[in-house]
There are 2 protein chains.
Amino acid sequence: MSNGQTNSTELDPIRKDILHGARELFIHFGFKKTTMEDIAKKIGKSKSSLYYYFKTKEDIFEAMALEDMEQQHQNAVTSMNQYITVQDRFRSFVVSLLRHLIENNQQYSVFKAEVMENPFLIVNITEKRNAYMESFLKDLVLYGIRRGEIRELTHEEIDIWAKAINVSLKGIGSRLFLGNDQELFKDHLGFIADSLFTGITV
Amino acid sequence: MSNGQTNSTELDPIRKDILHGARELFIHFGFKKTTMEDIAKKIGKSKSSLYYYFKTKEDIFEAMALEDMEQQHQNAVTSMNQYITVQDRFRSFVVSLLRHLIENNQQYSVFKAEVMENPFLIVNITEKRNAYMESFLKDLVLYGIRRGEIRELTHEEIDIWAKAINVSLKGIGSRLFLGNDQELFKDHLGFIADSLFTGITV
DNA sequence: TATTCGACCAAAAAGATTAAATGGTCGAAA
DNA sequence: TTTCGACCATTTAATCTTTTTGGTCGAATA
């Protein structure tokens, strides 16, 4: 019944097992060095069985990464919903996202190199993430305009802003991920978010 | 007399020849596929002669890339100096940088893939560029504070802002470089720059 | 002294060939 | 509906050989 095309986290416990086992292996050994048999053995099933739940090895990877991403965004949104003003919401959302990056960056160390060498792995995920983030940011702007906190912008401007902020955050994120000045940034994530949102003018 | 360690563009015409010839070859065939003999032949010299001017092949590449970078920044600064207010200056600087990326992105097509596969090539250049950009942005902020356009910020905040904006611009830049929505961004570079600088609040 | 170059070398890359590992399929069985 | 062993085509790893290439050096040139 549950074939590979299920778009999001399925309730199916075996599917979850696979994803869970795969995650550990991927994180420790990377994508290439983790074989389908490794994953199968880890959950006490045969290799063929995996193909009942996922179409390809890449699909497993993608599903796993997507799960992470959704969890991350869920946290950020939850954190954000404590606040009312757009500025507070934006700050809280951004800080949650970036802080997660700093705190869990050790965990993905092997992972990094892997993904660098196999960029095709994350192209789908990246696209989904971009689409999600842009749509999210646009909604936030509309909310801000309705509240009178953000000035009237054309639809095109809103679109551009969402795209620009998305890639800006990605730039900041990768610096946090790869760079060695996390300590410096750590305590100023709120300032960064506010700067992007309200600028630094008087 | 002129050995490899000269830091910037030298007047030495032969050195310029080498750089010029190398640039064409690198752009057409990439770093790996361009051999020292190719470069030597191109300028009608022997391979050994190249080593009189440059210590290694990487050095040639770096010198070439550095030349490009300096030219680019020179243009941006020139463009910026037409204006007085920080906001105008910042906008003009950013627009000049990003527009160059859009307009000359065809030219670097083969180049892109090359650099992706040999990240070590640009690590030095990237560091220099980051240092330069951050220092430049910090100066601009100080100028803005002196003029009363930018609110008082701590030294740490200025530092953080410079770093954050630098990587943000890099994020925007790589989207312009790799993505396929250049047309959309093209006419809104000024808006993007202003958003980063003054925010989008009322 | 400043510059060029041919001869030379060690190291890396490119090919060729073979052996092993791996992703994925399929039909039968539970 | 779910699991699995047997099986296959394709990749990848390993090994060895040949070629190319980055880089050095001493002599020659001017």
Side-chain angles (χ1 to χ4, degrees), chain A residues 1-6 10-23 25-26 28-65 113-114 116-121 124, chain B residues 1-6 10-23 25-26 28-65 113-121 123-124:
Chain A
M1 194 258 258
S2 68
N3 68 13
Q5 357 271 40
T6 45
E10 192 95 342
L11 303 180
D12 192 329
I14 296 178
R15 207 185 136 94
K16 282 187 74 171
D17 273 8
I18 296 174
L19 252 30
H20 186 265
R23 169 175 290 113
L25 293 170
F26 281 144
H28 283 314
F29 307 110
F31 179 77
K32 267 175 99 173
K33 292 208 158 186
T34 300
T35 73
M36 291 299 265
E37 275 205 26
D38 292 340
I39 301 175
K41 236 175 245 164
K42 180 124 201 171
I43 60 167
K45 290 248 149 98
S46 107
K47 185 179 67 158
S48 314
S49 295
L50 299 181
Y51 288 93
Y52 182 72
Y53 297 92
F54 295 94
K55 234 169 137 183
T56 69
K57 189 181 170 189
E58 278 89 353
D59 277 9
I60 296 182
F61 185 89
E62 273 190 35
M64 179 213 79
E114 241 351 91
M116 292 286 240
E117 289 166 18
N118 308 73
F120 68 93
L121 275 178
N124 281 327
Chain B
M1 192 258 259
S2 68
N3 67 14
Q5 358 270 39
T6 45
E10 191 94 342
L11 303 181
D12 192 328
I14 296 178
R15 207 187 135 95
K16 283 188 74 173
D17 273 8
I18 296 174
L19 253 30
H20 186 265
R23 168 174 290 113
L25 292 170
F26 282 145
H28 283 313
F29 308 110
F31 179 77
K32 268 174 100 172
K33 292 208 157 184
T34 301
T35 74
M36 291 298 267
E37 275 204 28
D38 291 340
I39 301 174
K41 235 174 249 165
K42 178 124 201 170
I43 61 167
K45 290 249 149 94
S46 105
K47 185 180 66 158
S48 314
S49 296
L50 299 181
Y51 288 93
Y52 181 72
Y53 297 92
F54 295 94
K55 233 171 140 180
T56 69
K57 188 181 170 188
E58 277 89 353
D59 277 8
I60 297 182
F61 185 89
E62 273 189 36
M64 180 213 78
E114 239 354 88
V115 170
M116 292 286 239
E117 288 166 19
N118 308 73
F120 68 92
L121 274 178
V123 62
N124 281 328

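So that the names make sense, note that chain A is the first sequence line, chain B the second, and so on, each numbered from 1.
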Atom-to-atom span, NZ of B:Lys41 to P of D:dT21 - whole angstrom:
10 Å
Whole-Å distance, A:Ile14 CD1 to D:dC4 C1', equals 13 Å
Using atom CD1 of A:Ile60 as one end and atom P of C:dG24 as the other, report the distance to the nearest whole Å.
9 Å
Are OP1 or OP2 of D:dT3 and a side-chain N or O of A:Tyr52 less than 4.0 angstrom apart?
no
Is there a side-chain contact between B:Ile60 and B:Met36 in this structure, where contact means two heavy atoms from C-beta onward sitting under 4.5 Å apart?
yes
Quick check: do A:Phe120 and A:Glu58 have side-chain heavy atoms less than 4.5 Å from each other?
yes
For the helix from C:dT1-D:dA30 to C:dA30-D:dT1, measure the angle between the helix axis at one end and the axis at the other, each built from five pairs, rounding to 10°.
50°
Could you walk me through whether B:Phe31 and B:Glu117 satisfy the side chain to side chain contact (heavy atoms under 4.5 Å, CB included) test, starting with their C-alpha distance in whole Å, then the side-chain angles of each, then the deciding distance to 0.1 Å, before giving a yes or no?
CA-CA 10 Å; B:Phe31 179 77; B:Glu117 288 166 19; over 6 Å; no
Within residues 43-50 of chain A, residues whose heavy atoms come under 4.0 Å of DNA chain D:
A:Lys45, A:Ser46, A:Ser48, A:Ser49
Nearest-Å distance for atom pair CZ/P, residues B:Arg15 and C:dT4:
14 Å
Could you tell me whether the phosphate oxygens of C:dT4, OP1 or OP2, come under 4.0 Å of any side-chain nitrogen or oxygen in B:Tyr53?
yes
Among C:dG24, D:dG22, C:dT3, which nucleotide sits nearest the side chain of B:Thr35?
D:dG22
Find the distance B:Asp59:CG to D:dG23:C1' and express it as a whole number of Å.
12 Å
Note, B:Phe26 side chain near B:Glu114 side chain (heavy atom, < 4.5 Å):
no
Could you check how far NZ of B:Lys32 sits from C1' of D:dT20, rounded to whole Å?
13 Å
Return the value, rounded to whole Å, for the distance between atom CD of A:Glu37 and atom P of C:dA20.
17 Å
Can you name the nearest heavy-atom pair linking B:Ile39 to B:Ala22, along with the distance?
CD1-CB, 4.0 Å
Testing the basics here: between A:Tyr53 and A:Ile18, what is the closest heavy-atom pair and its distance to 0.1 Å?
CD1-CD1, 3.7 Å
Atom-pair distance (CE on B:Met36; P on D:dT21), nearest Å
13 Å
Give the minimum heavy-atom separation between A:Ala40 and A:Leu50, together with the two atoms involved.
N-CD1, 4.0 Å
So, is B:Tyr51 near the phosphate of C:dT3, with a side-chain N or O under 4.0 Å from OP1 or OP2?
no
Under a 3.5 Å distance rule, please check whether B:Asp17 uses its side chain to pair with a backbone N or O of B:Ile14 as donor and acceptor.
no
Do any pairs count as a side chain to side chain donor-acceptor pair (under 3.5 Å) and have a residue in residues 39-48 of chain B, sequence neighbours left out, and if so which ones?
B:Glu24-B:Lys42
